[in-house]
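Step one of this worksheet: look at the structure below.
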Amino acid sequence: MIILYTFIQEEKHQDLLNRYLNVFSEDLKTNILKYRRWQDAQLSLLGKVLLQHGLSTYYDIFETEIRLSSNHKPYLKDDPVHFNISHSKEMVVCAIGEFPIGIDVEFYDTAVNYLDFEFQMTPGEIRKIHEADDKIKHFFTYWTEKEAVMKAHGDGMMLPLDSFEVLNNESIIDRQKFFTKEILIDQNYCSCIASNDININHIVPFIEYVEF
């Protein structure tokens with residue numbers, strides 16, 4: 001498994017559009033250009049560029065087609081490789097592996113009041129955060145775990161956060177077990193990967209920063 005990441009930069013925005021936008025389909029180009037904020041457009045673009053870079057560099061896949069499943073989870077047509085993309089603030093990450101995977105990254109914002117999100121937590125999760133020495137850090141660990149599981153499951157935001165728990169790096173949704181693993185990409189961000197494949201517990205992802 002590889003995890004590629006980069007950071008957006010406003011001064012490079014037009015150059016990145018010029019260099020990479022025409023590589024992708026007209027639909028994807030339209031989706032990227034519809035964003036009003038340059039940050040959102042660049043995050044979307046670089047997520048796809050990271051995927052393309054990872055597939056060609058590490059998996060010898062140079063041409064592929066991204067499809068959407070019935071629950072709108074992206075996948076590669078006719079390729080056994082799985083991927084997932086996440087972004088937060090200025091970072092965008094792309095995980096690529098041999099089994100289904102979800103990844104979530106969140107900027108570690110110490111100004112966040114985790115109680116604002118209490119309605120999305122289970123009683124057990126709220127209790128664990130209250131009992132933690134570093135409550136904000138524990139909150140972001142909780143958040144990235146749950147988001148990664150939701151993305152690995154495939155239903156995304158259709159799955160309420162308070163409808164399942166992650167306990168001891170495991171969770172069960174629709175009688176299917178998922179496993180989570182906290183990873184360190186950057187000290188200013190919290191991140192986690194998840195999969196329904198238990199091999200995620202043993203794998204050490206190769207993490208690479210890509211500069212554009």
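The shortest distance between side-chain heavy atoms of L55 and F62 does not fall below 4.5 Å. Contact of the Y20 side chain with the F212 side chain is registered, since non-hydrogen atoms from C-beta on lie closer than 4.5 Å. Between T144 and C190 the shortest side-chain heavy-atom distance falls below 4.5 Å. Under the 4.5 Å side-chain criterion, counting only non-hydrogen atoms from C-beta, H130 is in contact with L115. Contact check for E106 versus D104: side-chain heavy atoms found under the 4.5 Å cut-off. Looking only at side-chain heavy atoms (C-beta outward), K137 and T141 come within less than 4.5 Å of each other. Side-chain contact between L4 and H53: present, with at least one pair of heavy atoms (C-beta onward) separated by less than 4.5 Å. Side-chain contact between H153 and F164 is absent, with no heavy-atom pair separated by less than 4.5 Å.
Identified under the salt bridge (Lys or Arg N to Asp or Glu O under 4.0 Å) test for residues 113-132, with sequence neighbours left out: E125-K146.
Between Y114 and Y142, the ring center distance fails the sub-6.0 Å criterion. Taking the six-membered ring where the residue is Trp, the centroids of W143 and F117 are separated by under 6.0 Å.
Distance CZ/F139 to CG/N113: 9.0 Å, rounded to 0.5 Å. Between the CG atom of L21 and the CG atom of L16 there is a distance of 10.5 Å, given to the nearest 0.5 Å. In this structure, the separation between NZ on K89 and CG on D109 is 7.5 Å, given to the nearest 0.5 Å. Put simply, NZ on K34 and OG on S44 are 8.5 Å apart, with the number rounded to the nearest 0.5 Å. Going from atom CD1 of I2 over to atom CD1 of I96 covers 4.0 Å, rounded to the nearest 0.5 Å. Distance NZ/K48 to CG/N31: 8.0 Å, rounded to 0.5 Å.
Contact between L43 and V92 at its shortest, heavy atoms only, is O-CG2, 3.8 Å. Among all heavy-atom pairs drawn from G102 and N84, the shortest one is CA-OD1, 3.4 Å. For the residue pair V149 and I173, the shortest heavy atom distance occurs at CG1-CD1, 3.5 Å. Contact record, Y108 with I136: CE1-CG2, 3.6 Å, taken as the closest heavy-atom pair. Closest approach of E145 and T180 over heavy atoms only: OE2-OG1, 3.9 Å. Summarising the geometry of Q9 relative to Q42, their closest heavy-atom pair is N-OE1, 2.8 Å, with the distance given to 0.1 Å.
Within the 3.5 Å criterion, the main-chain N or O of N188 finds a donor-acceptor partner in the side chain of D186.
Between the side chains of K29 and N22, at least one donor N or O lies within less than 3.5 Å of an accepting N or O.
One hydrophobic cluster holds both V23 and L33 under the rule that ILVMFWY side chains link at heavy-atom gaps under 4.5 Å. With hydrophobic clusters built from ILVMFWY side chains whose heavy atoms lie under 4.5 angstrom apart, L167 does not share a cluster with L161.
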Working note: I8 + H13, criterion side chain to side chain contact (heavy atoms under 4.5 Å, CB included); need CA distance, chi angles, decisive distance, verdict. CA-CA 8 Å; I8 59 172; H13 186 60; over 6 Å; no
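We find that D15 and K12 are not joined by a salt bridge, their nearest charged nitrogen and carboxylate oxygen being 4.0 Å or further apart.
Other cluster members for F107: M1, I3, Y5, F7, M91, V93, F99, I101, I103, V105, F179, I183, I185, Y189, I193, I198, I200, I203, I207, Y209, joined by side-chain heavy-atom distances under 4.5 Å among Ile, Leu, Val, Met, Phe, Trp and Tyr.
Around atom CG of N168, no more than 12 heavy atoms belonging to other residues, nucleotides or ligands sit under 6.0 Å away. Shown here is Q187, whose CD atom has no more than 12 heavy atoms of other residues, nucleotides or ligands within 6.0 Å.
Considering D134, V112, T110 in turn, V112 is the only one that fulfils the side-chain contact (heavy atoms from CB on, under 4.5 Å) rule with F140.
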